[in-house]
2 protein chains.
Amino acid sequence: MTTFCYAYPRPAVATDIVILSLDDGALRLLLVRRGADPFGDWWALPGGFLQETEDLDACARRETEEETGVRPGRILQFANFSHPDRDPRGRVISVAYLALVRAGEVRLQAGTDAAEADWRTFSEVGTLAFDHGDILAAALSRLATEVRADPGFLLPLLPPAFTLARLQAAYEATIGRPVDKRNFRKLVEESGSLRALDDFERGPHRPARLYAPR
Amino acid sequence: MTTFCYAYPRPAVATDIVILSLDDGALRLLLVRRGADPFGDWWALPGGFLQETEDLDACARRETEEETGVRPGRILQFANFSHPDRDPRGRVISVAYLALVRAGEVRLQAGTDAAEADWRTFSEVGTLAFDHGDILAAALSRLATEVRADPGFLLPLLPPAFTLARLQAAYEATIGRPVDKRNFRKLVEESGSLRALDDFERGPHRPARLYAPR
DNA sequence: AGTAGAATGTGTAGTTTTCACACTAACAGT
DNA sequence: ACTGTTAGTGTGAAAACTACACATTCTACT
């Protein structure tokens, strides 16, 4: 077995990714159930160790794809977690990322360290392994900040064509309060990040125009 | 000589700190001149490797104090720099911090790896070692964002008592454009982060009221 | 065919916030 | 006392934001 030796102690460096998806109007979080101790059988954020030839963004992308089968369009590095005792196995620095993925494209894959993977709404999330609860809280706070600055941040959650009502529902789910329909439409139309399609979603109501990211 | 061995390769983890001070109305950046290769004799950001028992914030605080003698009130972790080839000596992840310190309290100390330390205005900053130019650019961008959100972010730059004119000058230096005096005063007074003192700064003009952080 | 139900889509007025702008006040130095 | 210098103060116009109500258009059912 090869080993890697250094003159000074080095922490392991990992990325942990808060992967959110929108299903049935509610935000869902991808969790994996740990297969081994510490925290065996606990639910945790997906993530993994940085490899020698990749940078942190590449690591987060790779882990996201390994866990969900989705290649996320944009990922956001939002904090580091570095308390010396945050992992009982030894020193691990975690670089935390936020990724938004489309529910329809997700293929869950139980990974190497993960016995099981599942989507959970926030109310179904219990106590997580390590300090992953803190990471999740920080992610949601950051998400709300980003979304308030630009509702278009949410676009990766939605399918290629969607109604404004669905975008508004995602917006309300992330900032935590309802907004006026007309004001919201004005906001996103003026932001210029959407393109109106000529298709409509039909149902037992007036057809709703479909939009796509510009 | 002891060595530290692991089953997988690990990057070294360091913090690099963009330490800003306000001198004579202009922002200045603390740089150290490197004593050894790579980039021997180049100017670089102060920084250093994470120690085993400290978290990243503590590392950044320790390095700041070692270089300036100042214990910064608040430090801001704003990005990671992790390109595999960013340091020719090997894999080094840099966690970048921003620290604002009071000019009056600074005692420059040439550190272990630093042959020399000095404050530079931005126009005097040439090409920096490693990717420190990128780090600096990211820091200034983040600083402008923070300051626009709350001018009180700048308070650590100023002495314990200061005039509104000096705060305004610092504000203008960071966001890069002048602002109206009356509007600025209204802004900071309403923000509630200042306390009006009963002292005045005197000079060949009407005395200027002094303020302190609340 | 007619009707009920359900969600879409649209304009405006009141309020708040932002921005631009000019003069008087008080001191130090001569 | 006179001059130069910076401090300190209020208002009106424009823009941005917020709240709010009703007609439209489809499906499904009777």
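Sequence lines set the chain letters: A, B, ... in the order given, protein chains first and strands last, and positions in each chain run from 1. What's counted below: heavy atoms across the whole structure, side chains too, no hydrogens, waters or symmetry copies.
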Could you state the [atom1]-[atom2] distance from [X] to [N], rounded to the nearest angstrom?
X: B:F200; N: D:dA7; atom1: CZ; atom2: P; result: 13 Å
X: A:F184; N: D:dC17; atom1: CZ; atom2: C1'; result: 16 Å
X: A:L187; N: D:dC17; atom1: CG; atom2: P; result: 8 Å
X: B:H205; N: D:dG8; atom1: NE2; atom2: P; result: 10 Å
X: A:D180; N: D:dA19; atom1: CG; atom2: P; result: 8 Å
X: B:L210; N: D:dA7; atom1: CG; atom2: C1'; result: 12 Å
X: B:K181; N: D:dG8; atom1: NZ; atom2: P; result: 8 Å

Donor-acceptor pair present, B:R185 side chain and D:dA7 base, under 3.5 Å: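 Donor-acceptor pair under 3.5 Å: no.
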
Any N/O donor-acceptor pair, A:N183 side-chain to D:dC17 base, under 3.5 Å: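 Side chain to base: no pair present.
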
salt_bridge([X], [Y]) N-O dist < 4.0 Å:
X: B:R62; Y: B:E54; answer: yes
X: B:E146; Y: B:R142; answer: yes
X: B:D198; Y: B:R209; answer: yes

Closest-nucleotide ordering on DNA chain C, the 5'-leading residue of A:P204 and A:R166: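 Nearer the 5' end of the strand: A:P204.
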
Upstream residue (5' side of DNA chain C) when B:R206 and A:R206 are each assigned their closest nucleotide: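 By nearest-heavy-atom nucleotide position, the 5'-most residue is A:R206.
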
Sugar-phosphate only, base, or nothing, as touched by A:R202 at under 4.0 Å among non-hydrogen atoms: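 Sugar-phosphate: the residue A:R202, judged by heavy atoms under 4.0 Å, touches backbone atoms but no base.
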
Residue mapping more 5' on DNA chain D - nearest nucleotide basis, A:R182 or A:G203: A:R182

Donor-acceptor pair, distance only, cut-off 3.5 Å: does the side chain of [X] make one with the backbone of [Y]?
X: B:H132; Y: B:L45; result: yes
X: A:R102; Y: A:V106; result: no
X: A:E172; Y: A:V179; result: yes

A:K186, nearest nucleotide to its side chain (from D:dT18, D:dT5, D:dG8): D:dT18

A:P207 side-chain proximity, nearest of D:dT25, D:dT9, D:dA21: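 Closest of the options to the side chain of A:P207: D:dT25.
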
Start and end of the DNA chain C segment that chain A contacts, any atom under 4.0 Å from a heavy atom: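 In short, chain A contacts DNA chain C from C:dG5 to C:dT12.
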
Cation over ring face, A:R120 and A:W43, 6.0 Å, 45°: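 Here A:R120 passes the 6.0 Å and 45° test against A:W43.
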
